[in-house]
Number of protein chains: 2
Amino acid sequence: MSSGSKSTREKILSASLELLESGQGNSVRMSDIAAKVGITRQALYLHFRNRGDLLIATTHYVDELHGGDERLIPSRTAKTGIERLDAFISAWAGFLPEIYGIGKALLALRDTDPEAAAAWDKRMQDMREGCEAAILALARDKTLIADYSPEQATDILWTLLSLRNWEQLTVECGWSRADYADHMQSMARRLFVAEVH
Amino acid sequence: MSSGSKSTREKILSASLELLESGQGNSVRMSDIAAKVGITRQALYLHFRNRGDLLIATTHYVDELHGGDERLIPSRTAKTGIERLDAFISAWAGFLPEIYGIGKALLALRDTDPEAAAAWDKRMQDMREGCEAAILALARDKTLIADYSPEQATDILWTLLSLRNWEQLTVECGWSRADYADHMQSMARRLFVAEVH
DNA sequence: TCCTAACTTTACACGGTGTCAATTGACACG
DNA sequence: CGTGTCAATTGACACCGTGTAAAGTTAGGA
């Protein structure tokens with residue numbers, strides 16, 4: 001969609017990203033973005049159908065910039081399930097801060113904009129697959145704890161690693177990113193790995 | 001604030017609660033509430049200064065109705081830290097569904113309405129004290145795991161029990177309320193109790 | 001020179017919140 | 001009986017943010 005003029009389109013996306021990343025999340029207005037680019041608000045609509053559309057495009061732009069979510073695909077260096085779990089959490093912990101602002105904005109649109117909701121859900125579903133893969137790797141190794149079914153364990157891991165939880169722990173509780181990564185790893189091991197070492 | 005006419009004021013609060021509880025959260029409009037009560041939208045402003053005010057009053061109304069958050073005060077029947085942790089989680093699991101709708105609405109107002117944000121934060125701070133009390137009870141018993149400081153453990157428990165997590169597990173993952181309560185208890189034990197039995 | 005595409009300016013519709021002024025209806029008090 | 005008061009109504013309006021529309025400008029290319 002929205003043909004041509006890569007330059008302006010990209011300027012818009014990067015302005016949008018920059019504003020979103022500065023943490024304001026949902027309170028970033030179309031006019032803010034336009035002002036930042038140096039064009040009129042109306043001109044935004046020459047490139048994107050509506051605000052949700054722009055927000056979604058911004059997420060794709062992030063992927064493009066940072067290599068995207070293929071970073072979450074399990075590395076083949078992970079031999080054991082435990083290594084795979086650790087690697088996944090570590091990758092996710094690196095990825096989260098990059099999508100935080102956009103995530104918040106998309107999440108806030110959830111109730112009113114089905115397209116935005118779908119876009120975010122898609123991302124979260126992809127992420128869930130990573131969780132599931134790690135849990136299944138544990139199960140394959142027979143190191144998955146007996147308390148939960150693989151599906152339940154996936155539910156838990158997926159929830160544990162949610163954007164909201166990251167936000168709460170880093171913003172409200174003041175955890176550093178390293179704290180987050182380390183503790184999530186240790187929590188996940190404790191929750192899911194049978195032989196607690 | 002907002003003197004007099006208990007009757008109408010209460011009608012408003014109960015209509016507000018009812019709409020909020022039906023899960024729409026933030027998309028409940030002033031006009032919806034007014035329509036439900038059978039008065040004009042403007043009349044709402046005779047009783048409440050603004051939407052945030054009404055939402056906050058609704059949370060107090062819930063407390064009044066259901067006995068409120070004193071249910072979260074640790075029962076004195078809990079001898080051990082572990083019992084206390086279990087009891088707290090169980091009480092919280094019963095309380096959560098009652099404040100879900102309002103919580104969502106208040107959470108959505110967070111960015112724009114500082115008063116609403118403060119009201120919700122206050123509640124969450126109260127709840128955090130319950131988390132802390134349970135963790136400190138474990139520490140007193142020397143059954144708190146060594147991996148985390150009491151404060152970190154409180155951060156984790158507090159985050160684990162967040163409204164958003166409850167929402168995700170019940171709404172998105174389809175857990176029953178009993179599933180939620182049981183699994184949260186078992187997760188908390190696994191995360192925080194030193195002697196894993 | 002003319003066409004096209006990007007962008008501008010100005011204006012407006014819509015939905016939601018919040019304010020205001022004038023009015024109605026009920027009830028109480030002297 | 002008249003008067004005051006209080007809740008609620010009606011109708012209008014301001015503000016904000018999103019989105020649409022129409023007409024005009026500017027620059028580049030065939």
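A, B, ... follow the sequence lines: proteins, then strands. Residue 1 opens every chain. Quick caveat, the model's predicted, so the values are computed rather than measured.
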Subject >> Sub-4.5 Å side-chain heavy-atom contact between B/L138 and B/V193 >> reply: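 Yes; the side chains approach each other to less than 4.5 Å.
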
Original post:
Between B/D53 and B/R49, is there a donor-acceptor pair closer than 3.5 Å when you use the side chain of the first and the backbone of the second?
Top reply: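 Yes, B/D53 side chain to B/R49 backbone: donor-acceptor pair under 3.5 Å.
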
Original post:
Do the side chain of A/N26 and the main chain of A/A108 share a donor and acceptor less than 3.5 angstrom apart?
Top reply: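 Flag not set: sc A/N26 to bb A/A108 has no pair under 3.5 Å.
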
Length of the [atom1]-[atom2] vector between [X] and [N], whole Å:
X      : N      : atom1 : atom2 : result
A/L46  : C/dT4  : CG    : P     : 18 Å
B/D53  : C/dT19 : CG    : P     : 11 Å
B/I33  : C/dG16 : CD1   : P     : 13 Å
B/D113 : C/dT17 : CG    : P     : 12 Å
B/L44  : C/dT19 : CG    : P     : 13 Å
A/R51  : D/dT20 : CZ    : P     : 15 Å
B/M30  : C/dT17 : CE    : C1'   : 8 Å
A/N26  : D/dC16 : CG    : C1'   : 14 Å

Give a yes-or-no answer on whether the side chains of [X] and [Y] include a donor-acceptor pair shorter than 3.5 Å.
X      : Y      : answer
B/S16  : B/Y61  : no
A/Y148 : B/S186 : yes
B/E21  : B/Y100 : no

Original post:
Picking from C/dG18, D/dT18, C/dA6, which would you name as closest to the side chain of A/T8?
Top reply: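 Per side-chain heavy atoms of A/T8, the pick is C/dA6.
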
Original post:
In terms of side-chain heavy atoms of A/R29, which of C/dT17, D/dT18, C/dC7 is nearest?
Top reply: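 Closest nucleotide to the A/R29 side chain: D/dT18.
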
Subject >> Global bending angle along the helix from C/dT1-D/dA30 to C/dG30-D/dC1, which compares the axes of five pairs at either end, to 10 degrees >> reply: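 Answer for the end axes of this duplex: 20°.
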
Original post:
What is the distance from atom OG1 of A/T143 to atom CG of A/L85, rounded to the nearest 0.5 Å?
Top reply: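 Answer rounded to 0.5 Å: 9.0 Å.
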
Original post:
Below 4.0 angstrom from OP1 or OP2 of C/dC7, is there any side-chain N or O of A/H47?
Top reply: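 Yes, within the criterion.
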
Original post:
Phosphate oxygens OP1/OP2 of C/dT8: is one of them under 4.0 Å from a side-chain N or O of A/T40?
Top reply: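 For C/dT8, OP1 or OP2 has a side-chain N or O of A/T40 closer than 4.0 Å.
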
Original post:
Is a donor-acceptor pair below 3.5 Å formed from side chain A/R41 to base D/dG17, judging by atom type as modelled?
Top reply: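 Side chain to base: no pair below 3.5 Å.
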
Subject >> Letter per nucleotide, 5' to 3', of nucleotides 21-28 of chain C [B base touched, S only sugar-phosphate touched, - untouched; heavy atoms, 4.0 Å] >> reply: --------

**OP:** Under the side chain to side chain contact (heavy atoms under 4.5 Å, CB included) rule, collect the residues that match up with A/R140, sequence neighbours excluded.
**Re:**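 Result, side chain to side chain contact (heavy atoms under 4.5 Å, CB included) vs A/R140: A/R84, A/A137.
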
**OP:** Classify the angle between the aromatic ring planes of A/W92 and A/F88 as parallel (below 30°), tilted (30 to 60°) or perpendicular (above 60°).
**Re:**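 It falls in the parallel class, under 30°.
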
